Protein chains: 2
Amino acid sequence: MTDFLNQIKYEGITSRLKRLSDVLLYSTKDLYRAEGLIIEPNWNLIFRLLQEKGEMTITEMSETLQFSHPAVVKIVNKMKAEGYITAAIDSKDKRKQVLSLTQKALQDIPKYEVYWNAGIRVIEEIFEDSPNILEELSKIELKVKELDYKQRVLLKIK
Amino acid sequence: MTDFLNQIKYEGITSRLKRLSDVLLYSTKDLYRAEGLIIEPNWNLIFRLLQEKGEMTITEMSETLQFSHPAVVKIVNKMKAEGYITAAIDSKDKRKQVLSLTQKALQDIPKYEVYWNAGIRVIEEIFEDSPNILEELSKIELKVKELDYKQRVLLKIK
DNA sequence: ATATTTTATGTAACTGGTTACGCAAATGTA
DNA sequence: TACATTTGCGTAACCAGTTACATAAAATAT
């Protein structure tokens, strides 16, 4: 943190949040590469989701993870290419892809879980001075969902 | 927030931070576009920096804002193209660009400040249940700087 | 004085996300 | 039954960042 960023307070918070998530993201990629793991950030979310639910469609995933659907399409396509996900057409609705984990996924997940679990402990460690961060984040997400940033700014001005 | 994201707790925090900063970013762009303002997110940081310091180089800016230098180059080039920044070669060091605000910048800033200040009040409003967020963010940034995420994960595993 | 290393900056390629658009299948309605 | 609307999802173009690499100038060391 530089003096300037401290001084401008809330004005710099958006880019600092972006930078923090970027730092974690690139460091995660670096970790996987260095350890020779053929996975990418966010795949753990999909793996866990499918482990829990068994089968899911793109739209269900995007709603559950709060990602845009094209983002989910990209992630899922990479995971298919790596042989971790298979797709079947829904018998009642031909538009839907029913996605599920492959045998290879079930085989490899335990190896990856070592890293994911260590990662969670590191996050807990890094955020230890912010013990309520998850509840606070939920409140913030709710607020911007109820009335977005742009509308709030316009309300303040008019 | 979905049940699933609540349930996985710290495992989803990186992508939630990314999403939050994205939401704020795109909403800011949307605001500027809707109001016909010919500026972009982050320009306010550069404007404020140059107002305070008068002159700065690319490298000084990237250190102060904690952005990579190519990121600063991109932002500054756009601001030059819009006529808000001029560059002069440093007399002692020909590699350096000494950047400063143009007359047009000084003229237009008051108009933009209305939006930036309203934006700050909105951020305060959105983060009102996280009153210590700035101090907490500083601590987190310091921690990942001291020892990055990847190294911390490897330490936990070995 | 010359060779080496460091610094300032620019450029290219890539990242995980987004919005915008298109299309076909399913659903609702006249 | 026909037509209009909604839904699922694929693709393209874009976005603000990043890392990796190149180059020239400055600083340092020999």
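Order of the sequence lines fixes the chain letters, A, B, ..., with proteins taken first and strands second; residue numbering starts at 1 for each chain. Since we're looking at a predicted model, the values are computed, not measured.
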Whole angstrom is fine here: how far is it from CG in Asn44(B) over to P in dA16(D)? 13 Å
Under 3.5 Å, is there any donor-acceptor pair linking the side chain of Arg95(B) to the base of dA25(D)? yes
Closest non-hydrogen contact found for Gln51(A) with Glu113(A) is OE1-OE2, 4.2 Å
Once rounded to the nearest 0.5 Å, what's the spacing between atom CG of Asp108(A) and atom CD1 of Ile38(A)? 9.5 Å
What integer distance in Å separates Ile89(A):CD1 from dG10(D):C1'? 12 Å
Say you draw a straight line from CG of Leu5(A) to CD of Glu11(A); how long is it, rounded to the nearest 0.5 Å? 10.5 Å
Indicate yes or no: at least one non-hydrogen side-chain atom of Lys18(B) is less than 4.5 angstrom from one of Leu24(A). no
When the distance from CG of Leu99(B) to P of dA8(C) is rounded to whole Å, what number comes out? 14 Å
What is the distance from CG of Leu24(A) to P of dT18(D), rounded to the nearest Å? 13 Å
The contact string for nucleotides 13-20 of chain C, one letter per nucleotide 5' to 3', using protein heavy atoms under 4.0 Å with B, S and - for base, sugar-phosphate only and none, comes out as B-BSBBBB
Would you indicate which nucleotide in dG8(D), dT9(C), dA26(D) comes nearest to any side-chain atom of Lys96(A)? dG8(D)
Does the side chain of Arg16(B) reach to within under 4.5 Å of the side chain of Leu134(A), using non-hydrogen atoms? yes
Smallest separation among heavy atoms of Val122(A) and Tyr149(B), with atom names: CG1-CD1, 3.7 Å
Separation of dA16(D) P from Asp30(B) CG (nearest whole Å): 13 Å
What's the NZ-C1' distance between Lys80(B) and dG10(C), to the nearest Å? 10 Å
Would you mind telling me which of Glu136(A), Glu135(A), Lys139(A) makes a side-chain hydrogen bond (donor to acceptor under 3.5 Å, both in side chains) with Ser130(B)? Glu136(A)
Calculate the interatomic distance between Met56(A) atom CE and dC9(D) atom P; express it in whole Å. 11 Å
Side chains of Ile39(B) and Trp116(B), heavy atoms from C-beta outward: is any pair under 4.5 Å? yes
For Thr57(B), report the nucleic acid contact type (base, sugar-phosphate, nothing); a contact means any heavy atom under 4.0 Å. sugar-phosphate
Rounded to whole Å, please give me the gap between CG in Asp93(B) and P in dT7(C). 12 Å
Would you jot down, in residue-number order, the residues of residues 114-125 of chain B having a non-hydrogen atom under 4.0 Å from DNA chain D? none
Which atom pair, heavy atoms only, marks the closest approach of Ile120(B) to Tyr10(A)? CG2-CB, 4.2 Å
